[in-house]
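Please read the structure below before turning to the comments.
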Amino acid sequence: GAGVSQSPSNKVTEKGKDVELRCDPISGHTALYWYRQSLGQGLEFLIYFQGNSAPDKSGLPSDRFSAERTGGSVSTLTIQRTQQEDSAVYLCASSFRVGSYEQYFGPGTRLTVT
Amino acid sequence: AQTVTQSQPEMSVQEAETVTLSCTYDTSENNYYLFWYKQPPSRQMILVIRQEAYKQQNATENRFSVNFQKAAKSFSLKISDSQLGDTAMYFCAFMKHSDYGGSQGNLIFGKGTKLSVKP
């Protein structure tokens, strides 16, 4: 079956612009996670959603970052007023539920802020 | 707070030989899960192996096995009969166990070890 998909694969934006990154989880997976992978910081957790529960936003680095998940499926990560330090690969993962141990990752979106 | 440390930024191994990647972690939790993920140049993170902290027996998956030392908070990955396709970044990761059963959600990753398998 289809895995986790993310779009776009690559995104180049100018400093100060807003960007939206999309994640389509595996069908039937109720838990969805966003991570950021940057050269200096490695892989960092950003946010996760579990069904209809309030998301865990504890990893979001600033209020310029937000995410939503519509209909319990597709998720969008929005970065407002992008800064150069936002340049990174943004990875999305999903799992059957938060109690599931295996997270299935998408190929990521490489964001470059110029 | 939990931390995961991988002290080997890069390693190389000859094809068909065995290599061990190191990982240590720090936590005050008693129940948790540990993972090794592989990330090839395609960027796709792939789960290699998983260990539940309450299990004393080390996990194995074909050519991959772990040496889990709970008291020492050490979780190394051994790759036997290395293959060219094993060339990738390898990440050690930690996940808390929820008091209500199952995992706590997000993974905490080490900074990774870049493994090169040479022909």
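Order of the sequence lines sets the chain letters (A, B, ...), proteins ahead of strands, with each chain counted from 1. Predicted, not measured: the structure shown is a model, and the values here were computed from it.
- Neither the backbone nor the side chain of A:I47 comes within less than 4.5 Å of any heavy atom of chain B.
- Neither the backbone nor the side chain of A:Y104 has a heavy atom closer than 4.5 Å to any heavy atom of chain B.
- Interface remark: A:E44 contributes no atoms to any contact with chain B (heavy atom separation under 4.5 Å).
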Next item on the list: Determine, step by step, whether A:V89 and B:Q39 satisfy the side chain to side chain contact (heavy atoms under 4.5 Å, CB included) criterion, reporting the C-alpha distance in whole Å, the side-chain angles of both residues, the deciding distance to 0.1 Å, and the verdict.
Entry: CA-CA 13 Å; A:V89 174; B:Q39 187 181 42; 5.8 Å; no

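- Side-chain contact between B:F109 and A:Y35 is present, with at least one heavy-atom pair separated by less than 4.5 Å.
- Counting non-hydrogen atoms of neighbouring residues, nucleotides and ligands closer than 6.0 angstrom, the NZ atom of B:K73 exceeds 12 such neighbours.
- Taking hydrophobic clusters as Ile, Leu, Val, Met, Phe, Trp and Tyr residues chained together by side-chain heavy-atom distances below 4.5 Å, B:L115 shares a cluster with B:L77.
- Across B:L107 and A:F105, no two heavy atoms sit closer than the pair CD1-CZ, 4.1 Å.
- By the criterion of side-chain heavy atoms lying less than 4.5 angstrom apart, applied directly or through intervening Ile, Leu, Val, Met, Phe, Trp or Tyr residues, B:L84 is grouped together with B:V19 in one hydrophobic cluster.
- B:Y25 and B:V48 fall within a single hydrophobic cluster, where Ile, Leu, Val, Met, Phe, Trp and Tyr side chains are chained together by heavy-atom contacts under 4.5 Å.
- B:M95 and B:Y32 fall into different hydrophobic clusters, where Ile, Leu, Val, Met, Phe, Trp and Tyr residues are linked whenever their side-chain heavy atoms come under 4.5 Å apart, directly or through other members.
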Next item on the list: Evaluate side chain to side chain contact (heavy atoms under 4.5 Å, CB included) for A:Q103 paired with B:M45, printing each intermediate quantity in order.
Entry: CA-CA 9 Å; A:Q103 296 182 14; B:M45 294 282 280; over 6 Å; no

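- Cluster membership for B:I79 and B:F35, using ILVMFWY side-chain heavy atoms within less than 4.5 angstrom, is not shared.
- Sparse packing is recorded around CG of B:N62, with 12 or fewer heavy atoms of other residues, nucleotides or ligands lying under 6.0 Å away.
- Of all the heavy atoms in B:N106 and A:F45, the pair that sits closest is CB-CD1, 3.2 Å.
- At least one side-chain heavy atom of B:R43 sits under 4.5 Å from a side-chain heavy atom of A:S9.
- Counting only heavy atoms from C-beta outward, the side chains of A:L43 and B:F91 approach each other to under 4.5 Å.
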